[in-house]
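Taking it in order: structure first as structure tokens, then the write-up.
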Amino acid sequence: MTERLPIIVAGAGPGGLSAALAIACKGFPVLLLERNTIPTEVGAGIQISPNATSSLKQWGVWPYISKLAVTPDRICINSGVTGARLSEISTSDISERFGSPYMVIHRADLQQALYHRASQSDLIEMLDEREVREVTETDDGVELRCKMANGEHAFYRGAALIAADGVWSRIRTDYFGNSPAAYSGKTAWRATLPIQMVPPSIDSENVGLWLSPKAHLVHYPIVSGHMMNIVAIVDEDWSEEGWNSVGDAAWLNKRFSRWPREIRDLLAEREDWLKWALCAQDPNQPWVKGKVALLGDSAHAMLPFMAQGAVMSIEDAAVLARAIDEVEGPMETRLKAYEKARKKRVVRVVGRARQNGRIYHMRGPLAMARNLTMQMMPANQLVKQFDWIYGWNPEQVSFTL
């Protein structure tokens, strides 16, 4: 490995910014390239569990996050058919159990926090409006050809390339030859609402999860509790051009017209919905090819039914940085060690998220059995099912070749 060549990271979302920070914290120079402007503000709220917040603290991001993140007291699971409470999980128990907080935050706030922290590092250079168009491997690293906003091309050399360019990663399809992400048959309708507009019947301080046949809904506070994030996920075909579009509020309200009144009232308060096709990527395909590695959604875009998409990219970053720093041998060997250390866990999380999607959208006798099981199961037993997810930390990982 040529130490003075930077590690190049493509993509300045949560995964790319996390990778840049984690690698710089190990003492390696980083060149971060983003095809849009930095920071790019996309999406709405996301949940960050203890298996990621510990790394954010270690990288010095926490002071920027703590002012805008919300640490709710409870996760309340309800029936979208009857409105009955099915279970209630204490997030303080989660934080105490795993030694790091559970929080909810606007995606843009998380990206801003990561960006501000990265801006303070002398080892990180960030360039925006650079879209990677060609990757060539060399004896001592990689060479990139990037297209800039003005149509001109720029060329960069690095010791390795980390592709954190998202669910529609061109590096994954063009350089690796992996298959593109596939539509799941579900859409996510997203909106944010000023907290003053939230109906009094809705608990605006905690996470609400509502389950119903072929649909579920999540809401929780963000932006220091000043806004509410609402996500309605529905089984439906996708016929729009592209993978996101403006949502038809009338259609959505009709789709939820038989839900409990508090949810109908909540949805009626918002007209400007954005609809997203939920797509997933097979995590069993290769993540590493020579001196190029995939990270986050580019490697394993998953359905949001475990709220682990952004979290897995943060975990990836922590393990990748350790592999680059600690594994002996050429860069190819270090990146392969990262892939081997991560893949089994990520495949399991992707599978659990897919399973949760089936459970959330059950109907008939299966839904009745699910509801009864949740109501009878002690909340601490429900949380224990996810010890293997929330209790993870990067120092547990060992590398084998």
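Residue Met368 qualifies as open at atom CE: its count of foreign heavy atoms under 6.0 Å is 12 or below. Sparse packing is recorded around CD of Glu271, with 12 or fewer heavy atoms of other residues, nucleotides or ligands lying under 6.0 Å away. Gln381 CD: more than 12 foreign heavy atoms inside a 6.0 Å radius. In the displayed structure, Gln285 atom CD is contacted under 6.0 Å by more than 12 heavy atoms of other residues, nucleotides or ligands. Sparse packing is recorded around CZ of Arg258, with 12 or fewer heavy atoms of other residues, nucleotides or ligands lying under 6.0 Å away. Residue-environment remark: CG (Asp237) stays at or below the threshold of 12 foreign heavy atoms within 6.0 Å.
A cation-pi arrangement is present between Arg190 and Trp276 under the rule of less than 6.0 angstrom and at most 45 degrees off the ring axis. Cation-pi geometry between Arg348 and Trp388 is satisfied (NZ or CZ under 6.0 Å from the ring centre, within 45° of the ring normal). Taking the centre and axis of the six-membered ring of Tyr175, the NZ or CZ atom of Lys289 falls inside the cone set by 45° and 6.0 Å. Figure legend: cation-pi geometry between Arg342 and Trp392, with NZ or CZ positioned under 6.0 Å from the six-membered ring centre and within 45° of its axis. Cation-pi geometry between Lys275 and Trp238 is met: under 6.0 angstrom from the ring centre, within 45 degrees of the axis.
For Glu34 (side chain) and Ala12 (main-chain N/O), a donor-acceptor pair under 3.5 Å exists by modelled atom type.
Between Glu143 and Arg145 there is no salt bridge, since no side-chain nitrogen of the basic residue lies less than 4.0 Å from a carboxylate oxygen of the acidic one. Looking at Arg107 and Asp109, no side-chain N of the basic residue comes within less than 4.0 Å of a carboxylate O on the acidic one, giving no salt bridge. Taking a cutoff of 4.0 Å between a charged side-chain nitrogen and a carboxylate oxygen, Lys147 and Glu131 do not qualify as a salt bridge. Contact check on Asp93 versus Arg97 returns no salt bridge, with no Lys/Arg side-chain nitrogen under 4.0 Å from an Asp/Glu carboxylate oxygen. By the 4.0 Å N-to-carboxylate-O rule, Asp140 lies close enough to Arg157 to be salt-bridged with it.
No side-chain heavy atom of Glu129 sits less than 4.5 Å from a side-chain heavy atom of Met148. With a 4.5 Å cut-off on side-chain heavy atoms, Phe305 and Ile233 count as touching. For the pair Pro72/Val104, a side-chain contact is recorded, criterion being any heavy-atom separation below 4.5 Å from C-beta on. A 4.5 Å side-chain heavy-atom check between Tyr102 and Ile48 finds every atom pair outside the cut-off. Between Leu144 and Leu161, some side-chain heavy-atom pair lies under the 4.5 Å cut-off. Ile389 is listed as a side-chain neighbour of Arg345, based on a closest heavy-atom distance under 4.5 Å.
Tested against His300 for a side chain to side chain donor-acceptor pair (under 3.5 Å), the candidates Asp316, Asp282, Asn284 yield a single pass: Asp316.
Residues Trp168 and Trp243 bring their aromatic ring centres within 6.0 Å.
When every heavy atom of Asn206 is checked against every heavy atom of Pro221, the shortest pair comes out as O-CD, 3.6 Å.
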* Asked: Do Leu278 and Thr187 pass the side-chain contact (heavy atoms from CB on, under 4.5 Å) test, and can you show the C-alpha distance, the side-chain angles, and the key distance before you say yes or no?
  -> CA-CA 5 Å; Leu278 292 180; Thr187 58; 5.9 Å; no
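The salt bridge (charged side-chain N to carboxylate O under 4.0 Å, His left out) test applied to Glu88 returns Arg74, Arg85, not counting sequence neighbours.
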